[in-house]
Amino acid sequence: MRVTAAVLLVLCLLAVSHAWDCQEVVNIKNLMQIDAGLGQVVATDTSQVPYYLVGDKWIRLPGSLKHITVGSAGIWGVNKADSIYKYVAGNWVQAAGLLKQLDAGGEQFIVGANMADTPFCLTRSATVGYKGPDSPLPWTGLPGAVTYYSCGPFGCWAVNKNDDIFLMSLNQDCQNNGWSHIDGKLSMIEVATDGSVFGVNSAGQVSTRDGITASKPEGTGWSNIPMSMRMSHVTYDLGRLWVISKSGVTMVCTP
């Protein structure tokens, strides 16, 4: 049987389009941001209501947050005034400092960016030990300017206001070797607990970074994940890819 180049192209496109099976999450509406890690999923909606997923039920958490994150450092969030909170014993405890976005996916340390796009890091000892206003919070300012920032076991990834992508090696004491530029353009980026990297560009397209390992944390290139609509936010954990569309539809995808 002769296979033409056109047939091969169609077969390749079909293979790519079936790489992920996406289903709409019908029991939650108008989510704005979502984060998954260590088997947990948290989210905020357009009214800045925070949620925690238990089974297939979205449990409303107290307070009002514009961004929430979960990981080995616990559950943290920021509100519309950029105030920082940690979830402790069923309540939000305010922490010193101001950030517009933060991430708990590192090795029990916290990273985030403020309104001036300055990146910060909070050491593992300060993050894990934080229990209230009397606990020390020695935020460490990092070089560069980023708008969105996320960490995993093989490094921290970030994007800036021009959608440029960067990678940094960062340890639990916030020691780093500076940013390395990575090819491509993304408007937001998330690193999973297993080191997988996913992102969304300004056109609403979702991508994942291929070939990431401990010895090659920068990976080898980007692969597009076809979606039926334009997306704005993405996160991944334990084989599930969670995506939010620009119109507020939440979908969960599996390979």
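Scope of the values below: all heavy atoms of this structure, side chains included, with no hydrogens, waters or symmetry mates.
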Report the C-alpha distance between Gln23 and Asp21 in whole Å, list the side-chain angles of each, state the deciding distance to 0.1 Å, and finish with yes or no for side chain to side chain donor-acceptor pair (under 3.5 Å). CA-CA 7 Å; Gln23 303 293 327; Asp21 177 31; 3.2 Å; yes
Single hit among Thr44, Asp82, Asn79 for side-chain hydrogen bond (donor to acceptor under 3.5 Å, both in side chains) with Lys66: Asp82
I need the single residue from Trp157, Tyr236, Tyr148 that forms a side-chain hydrogen bond (donor to acceptor under 3.5 Å, both in side chains) with Glu190. Which is it? Tyr148
Can you see which heavy atom on Pro133 is nearest to which on Val93, and at what distance? CD-CG1, 4.2 Å
Work out which heavy atom in Gly37 is nearest to a heavy atom in Thr193; give both atom names and the distance. CA-OG1, 3.6 Å
Tell me, do Ile59 and Tyr51 make a side-chain contact under 4.5 Å, heavy atoms counted? no
State, to 0.1 Å, how close Val159 and Ser187 come at their nearest heavy-atom pair, and which atoms those are. CG2-O, 3.5 Å
Take Thr123 and Asp173 through the test side chain to side chain donor-acceptor pair (under 3.5 Å) and record every step on the way to the result. CA-CA 5 Å; Thr123 64; Asp173 295 319; 5.7 Å; no
Polar side-chain atom of Thr250 near backbone of Val25 as donor-acceptor pair, under 3.5 Å: no
Are Leu61 and Trp92 side-chain neighbours, meaning at least one heavy-atom pair lies under 4.5 Å? yes
Rounded to the nearest 0.5 Å, what's the gap from CD1 on Ile189 to CZ on Phe198? Could you check? 11.0 Å
Go through Asp163 and Ser202 one step at a time and tell me if the side-chain contact (heavy atoms from CB on, under 4.5 Å) criterion holds. CA-CA 8 Å; Asp163 292 350; Ser202 58; 3.8 Å; yes
Could you tell me the separation between the CD atom of Gln172 and the SG atom of Cys121, rounded to the nearest 0.5 Å? 10.0 Å
Test of ring centre spacing under 6.0 Å for Tyr149 and Trp179: yes
Would a single hydrophobic cluster contain both Ile34 and Val49, if residues Ile, Leu, Val, Met, Phe, Trp and Tyr are joined by side-chain heavy-atom contacts under 4.5 Å? yes
Give me the ring orientation class for Trp76 and Tyr130: parallel if the planes are under 30° apart, tilted from 30 to 60°, perpendicular past 60°. tilted
Does this structure show an ion pair linking Asp183 with Arg209, if we count only N-O contacts that are shorter than 4.0 Å? yes
Considering all heavy atoms of both residues, which atom of Gly90 and which atom of Pro62 are nearest to each other, and what is their separation? O-CG, 4.0 Å
Output for pair (Leu65 CG, Lys80 NZ), nearest 0.5 Å, gives 12.0 Å
Validation row: Met168, Asn177 side chains within 4.5 angstrom (heavy atoms): yes
Any idea which heavy atoms bring Val70 and Gln40 closest together, and the distance? CG2-NE2, 3.6 Å
Point-to-point distance, once rounded to the nearest 0.5 Å, from OG1 of Thr147 to NZ of Lys100: 5.5 Å
Distance-minimising heavy-atom pair for Lys246 and Ser232: CG-CB, 4.0 Å
Stepwise salt bridge (Lys or Arg N to Asp or Glu O under 4.0 Å) test for Asp45 and Arg60: CA-CA 11 Å; Asp45 66 13; Arg60 180 170 179 168; over 6 Å; no
Could you state the interatomic distance from SG (Cys174) to CZ (Phe120), rounded to the nearest 0.5 Å? 11.0 Å
Among Val42, Thr235, Asp35, exactly one meets side-chain contact (heavy atoms from CB on, under 4.5 Å) together with Thr69. Which residue is that? Asp35
Cluster check Leu38, Leu53: I/L/V/M/F/W/Y, side chain < 4.5 angstrom: no
Indicate yes or no: at least one non-hydrogen side-chain atom of Gln101 is less than 4.5 angstrom from one of Val78. no
Working note: Asp117 + Lys161, criterion salt bridge (Lys or Arg N to Asp or Glu O under 4.0 Å); need CA distance, chi angles, decisive distance, verdict. CA-CA 8 Å; Asp117 292 349; Lys161 64 180 181 181; 6.0 Å; no
